[in-house]
Amino acid sequence: MPELPEVETIARDLRAHLVGARILAAHVIKPDILRRIGRTGFERGLAGRRIEAVGRRAKHLVVALEGGRRLVVQPRMTGAFLVDARAVRDPYTAFELRLDTGKRLRYRDVRRLGAVFLLTPRQWADYDRAIGPEPLAPDFTAERFAEALGRGSLAVKKALMDQRRLAGVGNIYANEALWLAGIDPSRRVARLTRFELDRLHSAVLDVLARAIEGRGTTIRDYRTGTGEPGGFQGRLTVYGREREACLRCGRRIVLTQALDARATYFCPGCQH
DNA sequence: ACGAGGTCCTGCGAGC
DNA sequence: TGCTCGCAGGACCTCG
């Protein structure tokens, strides 16, 4: 669920609690969320380590540990992080880190589609390389954006959401950016003009930056790193507005499941 | 090589 | 009221 702005918000919130803290113990409650590592290896790998940094890559939270390994969490649809002062009984907690600050970092995930990794520097390099460029990096120009999307026969909405091409854009912000740019989501990416690609590049950067400012979009499950809903849901322009009047041209917004069985919202009046 | 489609999992709301 | 069905913000894997 969380896309780039939501994970960026979580990372910023957690940083204050986590950086410099030492992990006293790690406790895995739902081992099926672990990837490429077992429960024992995970718990032993974290115990005693100091947390050096908290960041984000694409939609994934990255916690850098003393010794060089990284704890990487992909929250996917329902993953959320909470900082608690004491132990909490909750059937959806997947793992918990007890810190020397007296706090606990808890990861809860109702659907358990999330994935958790503990990566060596080498594994991290491979992981990082498999993901496309960060849209908010200062050197991410319109040229790089056009290059990243590629020239395939893929629908532009699917290309935007393909993490190997571009990092961090999911269903909500793909819908929003395409509306902002006035582009039909089903257009083939190879058929977009230079001018349309420029508009889409600006739209992606603009919506992501504003969503971060708003601390992310809460439809149902997303919570910030301080446990509150985000503030951007009221500022969405097309997502979730089927049959409402388009804010630009007044035609009714249409919802289809056509692309990849994901909810696609667009305005047939002003997106071409 | 690339792209389409299925799969992982649980909860919720719409509709009957 | 109570049930069933379809859908949910993601990513990975397999197949063609």
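Each chain gets a letter, A, B and so on, in the order its sequence line appears, and its residues count up from 1. Every value quoted in this text rests on a predicted model; they were computed, and no experiment measured them.
For the pair A:I219 and A:R35, nearest-nucleotide mapping onto DNA chain C gives the more 5' position to A:I219. Place A:L154 and A:V110 on DNA chain B by their nearest nucleotides, and A:L154 ends up nearer the 5' end. The nearest heavy atom of DNA chain B to A:R165 and to A:R220 marks one nucleotide each, and the one closer to the 5' end goes with A:R165.
A distance of about 16 Å separates the P atoms of B:dG5 and C:dC7, rounded to the whole Å. Taking atom P on both C:dA11 and B:dG11, the two are 22 Å apart, rounded to the nearest angstrom.
In this structure, CE of A:M77 is placed 12 Å from C1' of B:dG11, rounded to the nearest angstrom. Between A:L255 atom CG and B:dA14 atom P there is a gap of 14 Å when expressed in whole angstrom units. Protein atom CG of A:D162 is 13 Å distant from nucleotide atom C1' of B:dA1, rounded to whole Å. Residue A:K30 contributes atom NZ, which lies 9 Å from atom P of B:dT10 at whole-angstrom precision.
The base of B:dC9 sits with one of its N or O atoms less than 3.5 Å from a complementary donor or acceptor on the side chain of A:R111.
Both distances falling under 3.5 Å, in either a Watson-Crick or a G-U wobble arrangement, place C:dA8 opposite B:dT10. Across all strands shown, C:dG16 forms a Watson-Crick or G-U wobble pair with B:dC2, both key distances being under 3.5 Å.
Ring pair A:F145/A:F140 is perpendicular by interplanar angle, where above 60° counts as perpendicular and below 30° as parallel. Relative orientation of the A:Y127 and A:H60 rings is perpendicular, given thresholds of 30° and 60° on the angle between their planes.
Look at A:R112 and you won't find any side-chain N or O under 4.0 angstrom from OP1 or OP2 of B:dC8. Checking the phosphate oxygens (OP1, OP2) of B:dA4, a side-chain nitrogen or oxygen of A:K158 falls inside 4.0 Å.
Looking at heavy-atom distances under 4.0 Å, A:Y222 makes contact with a base. Among the protein residues, A:E6 comes within range of no part of the nucleic acid, since none of its heavy atoms lies under 4.0 Å from any strand. Backbone-only contact: A:I172 has heavy atoms under 4.0 Å from sugar-phosphate atoms and none from a base. In this structure, A:D109 reaches neither bases nor backbone, as no heavy-atom distance under 4.0 Å exists between it and the strands shown. Among the heavy atoms of the strands, none lies under 4.0 Å from A:T78.
Between A:D32 and A:R112 there is a salt bridge, since at least one side-chain N of the basic residue sits less than 4.0 Å from a carboxylate O of the acidic one. Salt-bridge annotation for A:E6 and A:R215: absent, with no side-chain N of the basic residue lying under 4.0 Å from a carboxylate O of the acidic one.
For the ring-ring contact (aromatic ring centres under 6.0 Å, His included) test, residues two or more places apart in sequence or in another chain that qualify with A:Y265 are A:Y239.
Cluster membership check: A:I23 shares its hydrophobic cluster with A:I37, using side-chain heavy-atom separations under 4.5 Å among Ile, Leu, Val, Met, Phe, Trp and Tyr. Under the 4.5 Å side-chain heavy-atom criterion for grouping Ile, Leu, Val, Met, Phe, Trp and Tyr, A:L105 is connected to A:V63 within one hydrophobic cluster.
Residues A:D109 and A:T78 have side chains that bring a donor and an acceptor to within less than 3.5 angstrom of each other.
Mapping heavy-atom proximity under 4.0 Å, the span of DNA chain C touched by chain A runs 5' to 3' from C:dA8 to C:dC12.
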